[in-house]
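Indexing begins at 1, ligand by ligand and atom by atom, following the structure's order. Computation of the quantities below employed the complete heavy-atom set of this structure, encompassing side-chain atoms and omitting hydrogens, waters and symmetry-equivalent molecules.
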Amino acid sequence: MTKYIFVTGGVTSSLGKGIIAASLAKLLQARGYKTTIQKFDPYINVDPGTLNPYEHGECYVTEDGAETDLDLGHYERFLNTYTSQANNVTTGRVYQYVINKEREGAYLGKTVQVIPHITDEIKRRMLMLGESGEYDVVITELGGTVGDIESLPYIEAVRQMKWEMGDENCLVVHLTLIPYLKAAKELKTKPTQHSVKTMSENGLNPDILVCRTEEPLNKELKRKVALFCNVTRDAVIEARDADTIYSVPLEMMREQLDRICLEKLDMPMGNEPDLERWKSFLNKLRYPKSSVTIGLIGKYVELQDAYKSILEAFIHAGAVNECKVEVRNIHSEDLTLNNAVEKMKNLDGVLVAPGFGSRGIEGKIEAIRFAREQGIPFFGICLGMQMACVEFARNVLGNENAHSTEIDESTDNAVIHMMEDQQNITQMGGTMRLGAYDCKLKEGSKVAEVYGQLDISERHRHRYEFNNEYLKAFEEAGMEAVGINPQTGLVEIVEYKDHPFFVATQFHPEYKSTVENPHPLFAAFVEAAKNFGNTRNGKIVFEKSTSN
Ligand code: GLN
């Protein structure tokens with residue numbers, strides 16, 4: 001029978017519930033248990049696809065094309081297994097389903113209410129992955145913080161599940177904060193007591209407390225927390241601030257979080273967790289032999305969650321290369337022809353980020369021109385690839401007004417245009433070209449060498465594509481389409497020949513990079529940046545740049 005673990009949060013947001021959930025899952029997986037994680041978010045959006053990154057950070061895309069919370073990215077990166085639409089549920093999705101059923105007459109004249117109809121639907125979805133028979137343990141992270149009005153139906157659903165299944169099948173791990181007051185030189189447990197009290201007022205008592213803290217928790221303090229929060233003595237876990245999120249599984253193993261969970265769930269301990277690959281990754285991450293500076297050009301760079309998967313993919317790729325990847329954020333709105341030399345000096349690589357809309361677009365094009373002309377390793381993703389094509393059309397092919405119709409609808413040089421099957425779409429949510437699609441690589445290309453195979457599959461999130469009418473001119477001038485979707489002929493990757501590394505993809509490779517499977521394109525890009533850094537020896541060659 002599948003066991004269920006719920007991870008709730010108290011005191012404040014941003015305590016790292018996703019990382020704790022992913023770390024616990026990693027430990028259980030490393031003990032031989034088939035484990036998955038799902039996230040339930042209390043907001044009314046049906047999914048985060050329509051949310052601005054300022055609101056909600058990156059939108060993570062799964063194989064099956066679900067637009068999901070960025071925590072699913074952490075789950076995949078830690079567990080090295082795929083998630084799907086079923087792993088991310090929002091209040092909006094739950095209500096949409098219940099309301100549609102009501103319209104169908106499925107409730108047979110009954111009054112439809114939060115309890116039981118909404119809570120039943122939440123429970124049905126909480127159990128769904130477990131009922132597939134694929135997993136020994138399903139970990140469910142509840143978004144938001146205990147005490148929020150919108151979290152109430154979820155807490156109630158978990159309370160009912162615990163009552164129905166028993167404590168040995170259903171466990172609640174509550175993540176909380178023990179702040180250190182400098183003036184008093186003391187750790188304070190009161191906020192934790194309050195958050196547990198709020199939960200108990202709703203009928204749910206946590207079984208385990210994971211306490212975020214800047215200072216170590218001594219035995220006496222742990223005892224006090226256990227006593228006042230009504231958990232067993234061994235169930236107060238210290239979660240000190242870590243140097244990297246990737247050390248949290250090992251920290252949690254040291255604190256025996258996995259052991260205590262298994263004991264409480266009446267499950268055999270299984271094997272000692274096999275974390276050899278994980279530790280070797282961590283070792284490489286902590287003790288790099290070199291470093292590179294990559295310019296990340298985007299319009300949300302001030303927001304650390306907006307390009308989460310890209311930043312994590314750099315961490316994985318850096319470790320493979322035993323190289324520290326310093327990411328220099330460059331706001332595309334601030335970048336112009338006149339300041340590109342200054343803003344982009346000493347970069348070993350340039351990544352132009354995905355995005356939507358016109359803000360900062362000319363800065364992205366400028367960054368690409370600079371990287372192309374200077375021979376700086378360049379990696380463009382999605383909008384970054386599209387702008388690489390616009391830049392090439394303008395500055396190499398001489399089509400001055402070339403653009404994407406997303407930005408300039410009236411351009412008579414639409415090198416990027418809307419995909420045909422997108423043209424009559426009026427609904428915004430979930431209607432882009434989403435998820436995994438096949439791609440055939442060109443033999444002899446750099447990307448074919450990097451992947452080590454010709455048939456690949458990558459994840460997408462876009463409405464626009466390269467306009468194949470321009471393909472011949474592009475290829476004659478050295479910009480080749482080296483990855484093509486075999487079903488539609490859509491250009492998935494372009495590569496510029498006369499350059500040490502100039503690769504741009506319509507898909508998002510960052511979504512598939514994991515600790516145990518770093519993405520080959522990121523790894524190759526970092527390697528190219530390393531080589532470039534070594535050869536230029538701190539200097540930039542300006543001769544070729546038109547901005548000189
Ligand atoms: N806005 C572009 C499109 O829709 C690129 C999307 C992206 O970068 N994810 O095609």
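Residue contact check: His462 has heavy atoms under 4.0 Å from atoms 3 (C), 4 (O), 10 (O) of ligand 1. Atoms of ligand 1 lying under 4.0 Å from any heavy atom of Arg461, numbered from 1 in the order shown and given with element: 6 (C), 7 (C), 9 (N). Within the listing of ligand 1, atoms 9 (N) sit less than 4.0 angstrom from a heavy atom of His508. For ligand 1 and Cys382, the ligand atoms under 4.0 Å from any heavy atom of the residue are 5 (C), 6 (C), 7 (C), 8 (O), 9 (N). Close contacts between ligand 1 and Arg463 involve ligand atoms 3 (C), 4 (O), 10 (O) [criterion: under 4.0 Å to a heavy atom].
Of the protein's non-hydrogen atoms, Gly355 O, 3.3 Å is the one closest to atom 5 (C) of ligand 1. Of the protein's non-hydrogen atoms, the one nearest atom 1 (N) of ligand 1 is Glu406 OE1, 2.7 Å.
At a heavy-atom cutoff of 4.0 Å, ligand 1 is contacted by no atom of Glu465, backbone or side chain.
A cation-pi arrangement is found for Arg459 relative to Tyr82, the charged atom lying closer than 6.0 Å to the ring centre and inside a 45° cone about the ring normal.
Some N or O of Leu383 is nearer than 3.5 Å to an N or O of ligand 1, by distance alone. Note: an N/O pair closer than 3.5 Å links Tyr464 and ligand 1 by distance alone.
Ionic pairing of Arg461 and Glu58 is not present here: no N-O contact between side-chain nitrogen and carboxylate oxygen is shorter than 4.0 angstrom. By the 4.0 Å N-to-carboxylate-O rule, Glu326 lies too far from Arg328 to be salt-bridged with it. At a threshold of 4.0 Å, the pair Glu391-Arg369 does not count as salt-bridged, since none of the basic side-chain nitrogens sits closer than that to a carboxylate oxygen. Ion pairing of Glu449 with Lys446 is absent here, as no side-chain N (NZ or NE/NH1/NH2) approaches a carboxylate O to less than 4.0 Å. Between Arg359 and Glu333 there is a salt bridge, since a side-chain N of the basic residue sits under 4.0 Å from a carboxylate O of the acidic one.
Ligand 1 is never approached by Met432 to a heavy-atom distance shorter than 4.0 Å.
No side-chain heavy atom of Phe466 sits less than 4.5 Å from a side-chain heavy atom of Leu490. Side-chain contact check for Asn52 versus Tyr300: some heavy-atom pair is nearer than 4.5 Å.
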